[in-house]
Amino acid sequence: MNPVYITSIGKFLPGSPVSNDEIEDYLGKIGGKSSKSMRRILDQNKIRFRHYALDKQQKSLYTNAEMASLAIHDALTRNKEALQDNIDFLAVGTTQGDLLVPGFASMVHAEANLPVMEVATHHGVCASGMQAMKNAYLHVQSGEQQTAISCASEFPSRVFKHTRFEAQAGLAERPVPFDTDFLRFMLSDGAGAAVLQHQPSASGLSLRIEWIDNKSYANLYDVCMYAGSNKENLEQASWLDYRSIHEAADDGAINLKQDIRLVNEMPKVGVNRFFELVDEGKVDPAGIDWMVCHYSSHFFREEIFRLLQLGGLTIPEEKWFTNLYTKGNTGAASIYIMLEELLNEGHLQPGEKVLCMVPESGRFQTSYMLLTVVGSAIEPSGAASQPVFEEREPEAPHLEYDEADHVQAQLVRQLVQVWIDFEQKLAQVPVIHKLYNQKFTLSDYKALMENIRQQVIDGSQWIARAASYIAIEHIDLRSTFIAHARDEHRDFQILERNYVAVGGELSKIQSGEKNIGSEALSAYLFQRASRDNPVDLIGAMWIIEGLGCRMARYWGEMIRDQLGLSDEEVSFLLYHSDSDEKHFERLEAVVQHPMLTADIAVRIVKTAKTTARLYLLQLEELGNV
């Protein structure tokens, strides 16, 4: 049997941290009223910050599969090997996927754009992440696969938005039951992923998996955390047994619920299994350096400590690690997100023992995993001298507007939200993620230039076409668009010179085809440009020119320093950092134009969102023509 090592761990936490005072800004207030239970629940769980994959209009910014994919790419980028095309097995756990059918692993496999492989879906609650981990562990241990990915992702916030409860007939005359309201302030969104291999990483630290122990106690307990049924309605065993989905929803059968009367059994089950593992000789409490426990609330931590003390077996409090209070309770993903912080933020030392504990209240399961830290905490000679770049906090480019004008103010606020979401997703695109993690190569730089050249050429053309469709009574706007097109029309030549300067063949970049993302982006922009008065295209300019203002110099300097290039060899990016600031002044002129209406503003925002998604697709599909 092969030894198995976790050689890298990644995570994805959507959006900025959300404080306790902001929770109902994202989930909404049911019936316009703040929850009476919220403060008591937050006082017990002690969670101060969490992340949500929806905005304050309760619109989803990601899918669950997309978050899982972003965590996987983070793990792959952090790995010392280039593994993208060498993964043999994928196991994924979640509480609720995006679709009822097919399996969640299939959706993640497709979203992550991994090669053909075997996949496995683990559906449950918190323990599903550990079930995925053990499946991946066994596949590598047996020798059937060399490299596997284990992943868990959760997106509970979308089932807690206020509109879901306001639409339920069963709640028209009464408040949301505590068993449902409780979870609204307990759960949050996020994903984590681990790469498992039969050898440790060539440098840095790895985690050798000694064993994984998963036990179900469903034969002893009733359902505790669940969705798809209503315990108060004994006539319907499942939401599928109702006459219609609407009837099931009105009866609360689709709500995610926690049986508060049963949940206190969870710490007892977990601690009892700990005692059994000690008796079996698998755990030596004195030899544990880190106790990584996924307790869903501070309340349960105190109960676990109490029960351990009663049994005469304790692990000192300073050895316990959690990031519950700052990252939130992300269910099945929590254990990954905790281990990611331990491994990637320098807490671990070679030889240390890490015991992981994941209790689950679904129908009561308990998972334990013992890890040994192996490798060296010191990177090989020369690695420390490499420049280190830190990802910046997302920040939208500055846009001047009349704050007293309601339409302008709302438009800019929405454009800022679109940008923040775009920049967060941009950081997870494989080629950009490689750049941020000092794994960018000269081949990556050439591929990037080859793939964006055609879109750069098209830029001046769709802007010029848009100008021709602007009515004569708005000739000032037409002139603005024409001036913009004039500035853009030779930019591709700078890019070509950069390409040749780093060893590329001019004929290759000039004869290159658009990748499928560039085709989609170009077709969309020309389609929008061919409509009457297409001023909504400033939404596209907000994204494309924003990249110049906000990202071009940042990327250009990173590429220059990582590859040892000169300013002249990255001049396309450095030039756009300066020129696009001037272009923003023209964009501001459109935002402040008298013809701006609420309807036009809505179209501008949609065009910005669409352009952002298609630009990401262009970068995701490098070389896919």
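This is a predicted model, so every value here is computed, not measured. Heads up: numbering here begins at 1 and tracks the sequence.
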Indicate yes or no: at least one non-hydrogen side-chain atom of [X] is less than 4.5 angstrom from one of [Y].
X: Glu352; Y: Trp290; result: yes
X: Phe321; Y: Val354; result: no
X: Cys293; Y: Arg301; result: no
X: Phe274; Y: Met357; result: no
X: Pro350; Y: Leu205; result: yes
X: Leu183; Y: Met225; result: yes
X: Ile9; Y: Leu342; result: no
X: Ile209; Y: Val140; result: no

Where [X] and [Y] come nearest, the two heavy atoms and their spacing:
X: Gly129; Y: Ser150; value: O-OG, 4.1 Å
X: Thr611; Y: Ala540; value: OG1-CB, 3.4 Å
X: Tyr524; Y: Thr607; value: OH-CA, 3.4 Å
X: Met186; Y: Asn329; value: O-CB, 3.1 Å
X: Pro156; Y: Leu187; value: CG-CB, 3.8 Å
X: Ala333; Y: Ala191; value: CB-CA, 3.9 Å

Between [Y] and [X], do the side chains contain a donor N or O and an acceptor N or O under 3.5 Å apart?
X: Thr147; Y: Asn86; result: no
X: Asp88; Y: His139; result: no
X: Ser367; Y: Asn214; result: yes
X: Asp74; Y: Thr77; result: no

Rounded to the nearest 0.5 Å, what's the gap from [atom1] on [X] to [atom2] on [Y]? Could you check?
X: Tyr5; Y: Gln197; atom1: OH; atom2: CD; answer: 11.5 Å
X: Cys126; Y: Tyr295; atom1: SG; atom2: OH; answer: 14.0 Å
X: Glu519; Y: Gln618; atom1: CD; atom2: CD; answer: 10.5 Å
X: Cys356; Y: Met133; atom1: SG; atom2: CE; answer: 7.5 Å
X: Met369; Y: Asp213; atom1: CE; atom2: CG; answer: 12.0 Å
X: Tyr368; Y: Arg273; atom1: OH; atom2: CZ; answer: 8.5 Å

Problem - Worked check of side-chain contact (heavy atoms from CB on, under 4.5 Å) between Leu76 and Ile149 - result: CA-CA 9 Å; Leu76 289 173; Ile149 290 178; 4.1 Å; yes

Problem - Within the 6.0 Å centroid threshold, strictly below: Tyr554 and Tyr436 - result: yes

Exercise for the section: Kindly say whether the aromatic ring centers of Phe12 and His73 come within a distance under 6.0 Å. Expected result: no

Problem - CA sep, side-chain torsions, deciding dist, call: Glu210, Lys353, side-chain contact (heavy atoms from CB on, under 4.5 Å) - result: CA-CA 10 Å; Glu210 305 296 349; Lys353 297 288 186 182; 3.9 Å; yes

Test item: [X] side-chain N/O and [Y] main-chain N/O as donor-acceptor pair under 3.5 Å:
X: Thr372; Y: Arg208; answer: no
X: Arg78; Y: Ser8; answer: no
X: Lys425; Y: Leu61; answer: yes
X: Gln96; Y: Thr94; answer: no
X: Asn624; Y: Ile516; answer: no

Problem - Working for side-chain contact (heavy atoms from CB on, under 4.5 Å), residues Lys514 and Ser522 - result: CA-CA 9 Å; Lys514 296 176 187 174; Ser522 180; 3.1 Å; yes

Problem - Arg50 and Glu22 ion-paired at < 4.0 Å - result: no

Handout entry: Other residues, nucleotides, ligands: >12 heavy atoms within 6.0 Å of His123 NE2
Key = no

Exercise for the section: Please check if atom NZ in Lys282 has more than 12 non-hydrogen atoms from other residues, nucleotides or ligands closer than 6.0 Å. Expected result: yes

Exercise for the section: Determine, step by step, whether Thr95 and Glu154 satisfy the side chain to side chain donor-acceptor pair (under 3.5 Å) criterion, reporting the C-alpha distance in whole Å, the side-chain angles of both residues, the deciding distance to 0.1 Å, and the verdict. Expected result: CA-CA 7 Å; Thr95 302; Glu154 301 282 24; 2.7 Å; yes

Name the orientation class of the two ring planes belonging to [X] and [Y] (parallel below 30°, tilted from 30 to 60°, perpendicular beyond 60°).
X: Trp542; Y: Trp419; answer: perpendicular
X: Tyr52; Y: Tyr26; answer: tilted
X: Phe440; Y: Tyr445; answer: tilted

Handout entry: From CA spacing to verdict: side-chain contact (heavy atoms from CB on, under 4.5 Å), Tyr499, Lys446
Key = CA-CA 6 Å; Tyr499 184 77; Lys446 289 179 180 178; 3.8 Å; yes

Exercise for the section: List for me each residue that meets salt bridge (Lys or Arg N to Asp or Glu O under 4.0 Å) alongside Glu621, sequence neighbours excluded, and say none if there are none. Expected result: none

